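Residue numbers begin at 1 in each chain, while the letters A, B, ... track the order of the sequences. Owing to the predicted nature of the structure, the values given are computational and were not obtained by experimental measurement.
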Number of protein chains: 2
Amino acid sequence: MKLDPRHLEILAAIVDHGGLTEGAEALGKSQPSVSRTLSQLETRVGAPLFQPGRRPLQPTELGAMLADQGRAVLKASRASSDIVDRYLTGHAGLVRVGGTPIFMDGVISAMIAMFQQQMPDVRVDQSYGYAAELTGKLRNGTIDMVILPLQQETVPEDLAFQPILPGLNVIACRTGHPLTRKKLVTPDEIARYSWIAPPADSPLYQDLRRALTNIGAEDFRISFSGGSLASVIEVLSGSDSLTVLPYSVVFMMREKVAITALSLEIGHPDRALGVLVARARDEIPALRRFRSFVVAQFESLSRRIAKQQSDRLWR
Amino acid sequence: MKLDPRHLEILAAIVDHGGLTEGAEALGKSQPSVSRTLSQLETRVGAPLFQPGRRPLQPTELGAMLADQGRAVLKASRASSDIVDRYLTGHAGLVRVGGTPIFMDGVISAMIAMFQQQMPDVRVDQSYGYAAELTGKLRNGTIDMVILPLQQETVPEDLAFQPILPGLNVIACRTGHPLTRKKLVTPDEIARYSWIAPPADSPLYQDLRRALTNIGAEDFRISFSGGSLASVIEVLSGSDSLTVLPYSVVFMMREKVAITALSLEIGHPDRALGVLVARARDEIPALRRFRSFVVAQFESLSRRIAKQQSDRLWR
DNA sequence: CAGTTTCATAACTTCGAGATATATAATGTC
DNA sequence: GACATTATATATCTCGAAGTTATGAAACTG
């Protein structure tokens, strides 16, 4: 005996609201419709579901049990509506975001924390990689969005790139480092210190090489390499070693850890940090929200960086 | 966003059976029907519920969550079918049975225990009373069935009476009572012992009076009255008092407690024990089952009584 | 025993779920 | 990489059921 779950819902509504009229109203249906559904259900079941004749309509034993099941259906129904609503408004869902390790650890993860204050039910899956792997994952749908520095001209046709911050690298060191006392740092002075190198396959490593070439420091000693940001920061703040980091990372971290940037131009890479998504794939609402949030956060970050730099000029 | 619970069921079936075809089969529907329902659901929701293109069909985050709700609906649906089936076959339900105290305690309650061995989910509500109240409750639907001794001619039109045992009362006493040693008991001998009287408004009390009148014992001492069967039995088996009980009660109890019946005819009341139900009201399946069970039990009891009596004749 | 409320019935319309037949897409195989 | 196979989507039709309004019949109210 297969019963229509909607009929069970209706039965539950009648029982819970104490009458056909009230039940119909609660369900947004007409009273005759509900009445007929009930009588159909009763013929179907082959037994009365309500005490006959009694005016404050009272369910039979069987009616009460089926109404219990109807309540379960109603609950699942409501839960479904809720799930869908939360999904469509971007309050729930899964966002798989990839990016270069330093940026993810240094900037994005803090933004994720802020985002999840507002959207606690959006789950974020983070993964690390560089341009080649990340675009691959983007194309095969393994991740939804990538944050990485890229030359705008090299962006493939099938991907959309939205720049959010100009590429700006700096030489970073611990606060109180001997070089921070100098107003102008010369290449010779820099050459005295050893370097913390990012992984050899990272764009940042290329940046480091180019920066050193630019300032004329041909050979340099590497004292530590292969670490992710947490290790780099530890070594950096506990030694006199130098490294190259995106300025945004130094800026974000400067209040939490004792690192700073040297006043030495090392030449901008011709890349811009940006958000990359697949054109074909349309974003789920949570992703759209997250992307907007990240973009807005970077705008705010830009402004704060600009303000800090003009403040420093006046000092 | 209101979703049809049936659609959620279908979604759950697809997810659980790993495909449209399998899901359709499990639901007993055609594949196109299920396919269209799914695509409708997706347009309704406004988001894909399955990963596009993947062959071992895999739900999206949202699809999986909605499928969970669908499973809940499916569960309620199955539970409902189960409830109805059990109800219709009389394996579940509520039976409200009333009767005269002595019969209920002495005979029926043991039958209820046996019945519930087979039908553990049939709930039995027992209530006590005499003819007037019981027929009243039967008429207003407070109880479903009554077991009581009645003159067949006095049965009202709107009630149906099914006799199950001829009325036969006996004088009961403890086993080993002095009177049990006599082959023939005279009224004089009886007059020496005091009586345990049933409640004054009970038919059994009338029977007691008539019996004593019949055997010529005009005045008699009452040593205990007002007790229900458990008390009566206690007093009876712990003293030399006598009482009048239906033979069926003595027969049922004789192996558990030390009571027996005297070999003295006291004249049959012109009543028969039977089952009374309201004609208008149609019985729920559990009641029908219970009634049949009780009737069958009494048939068996009749046979056992007859057998015991013929055995005694030969002794 | 009115008046009011609540439920049942009637007649009709519309929408959707079911079916079969068939096209299209994905997957496995040689 | 082409082909066979299986799985899913689409087209078209039919029928049932759920919705509507209008109205009749009970059952509580005072």
- Message: Within the 3.5 Å criterion, strictly below it, is a donor on A/Gln118 or A/Arg289 matched to an acceptor on the partner's side chain?
- Response: no

- Does the side chain of B/Arg291 reach to within under 4.5 Å of the side chain of B/Gln162, using non-hydrogen atoms? yes

- Query: How many Å lie between CZ on B/Phe50 and P on D/dA7, as a whole number?
  - Reply: 15 Å

Could you list all N or O pairs between the protein and nucleotides 17-23 of chain D that sit under 3.5 Å apart?
from, atom 1, to, atom 2, distance (Å)
D/dA18, OP1, A/Arg6, NH2, 3.4
D/dA18, OP1, A/His7, NE2, 3.1
D/dA18, OP2, A/Gln40, NE2, 3.2
D/dA18, N7, A/Arg36, NH2, 3.2
D/dG19, OP1, A/Lys29, NZ, 2.5
D/dG19, OP2, A/Ser33, OG, 2.4
D/dG19, O5', A/Ser33, OG, 3.3
D/dG19, N7, A/Arg36, NH2, 2.5
D/dG19, O6, A/Arg36, NH1, 3.2
D/dG19, O6, A/Arg36, NH2, 3.2
D/dT20, OP2, A/Ser30, N, 2.8
D/dT20, OP2, A/Ser30, OG, 2.5

- In Å and rounded to the nearest 0.5 Å, what is the CG to CD1 distance from B/Leu88 to B/Ile284? 10.5 Å

- Note on the structure: Atom CG of B/Leu20 and atom P of D/dT10 are separated, to the nearest Å, by 11 Å

- Message: Please check if the number of heavy atoms outside B/Met1 that lie under 6.0 Å from its CE is greater than 12.
- Response: yes

- Would you kindly give the CG-to-C1' distance between B/Leu41 and D/dT8, to the nearest whole Å? 16 Å

- Test: A/Arg279 and A/Asp158 ion pair at under 4.0 Å: no

- Using five pairs at either end of the helix from C/dC1-D/dG30 to C/dC30-D/dG1, determine the angle between the two local helix axes and round it to 10 degrees. 50°

- Report the distance from atom CD1 of B/Ile14 to atom C1' of D/dA9, rounded to the nearest whole Å. 13 Å

- Integer-rounded Å distance: C/dT6 P and A/Glu25 CD: 10 Å

- Item | Side-chain N,O (A/Ser35) to OP1/OP2 (C/dT9) below 4.0 Å | no

- Distance col, row A/Ile143:CD1 vs A/Asp125:CG, nearest 0.5 angstrom, shows 10.5 Å

- Message: Under the criterion side chain to side chain contact (heavy atoms under 4.5 Å, CB included), I'd like the reasoning laid out for B/Val275 against B/Phe298: C-alpha separation, chi angles, the key distance, then a yes or no.
- Response: CA-CA 11 Å; B/Val275 175; B/Phe298 270 103; over 6 Å; no

- Item | From CD1 (A/Ile108) to CD1 (A/Ile147), nearest 0.5 Å | 3.5 Å

- Query: When the distance from CG of A/Leu38 to C1' of C/dT9 is rounded to whole Å, what number comes out?
  - Reply: 14 Å

- Message: Check this for me: does any side-chain nitrogen of one of B/Glu9 and A/Lys2 sit under 4.0 Å from a carboxylate oxygen of the other?
- Response: yes

- Distance in angstrom units between B/Glu22 CD and D/dT6 C1', rounded: 10 Å

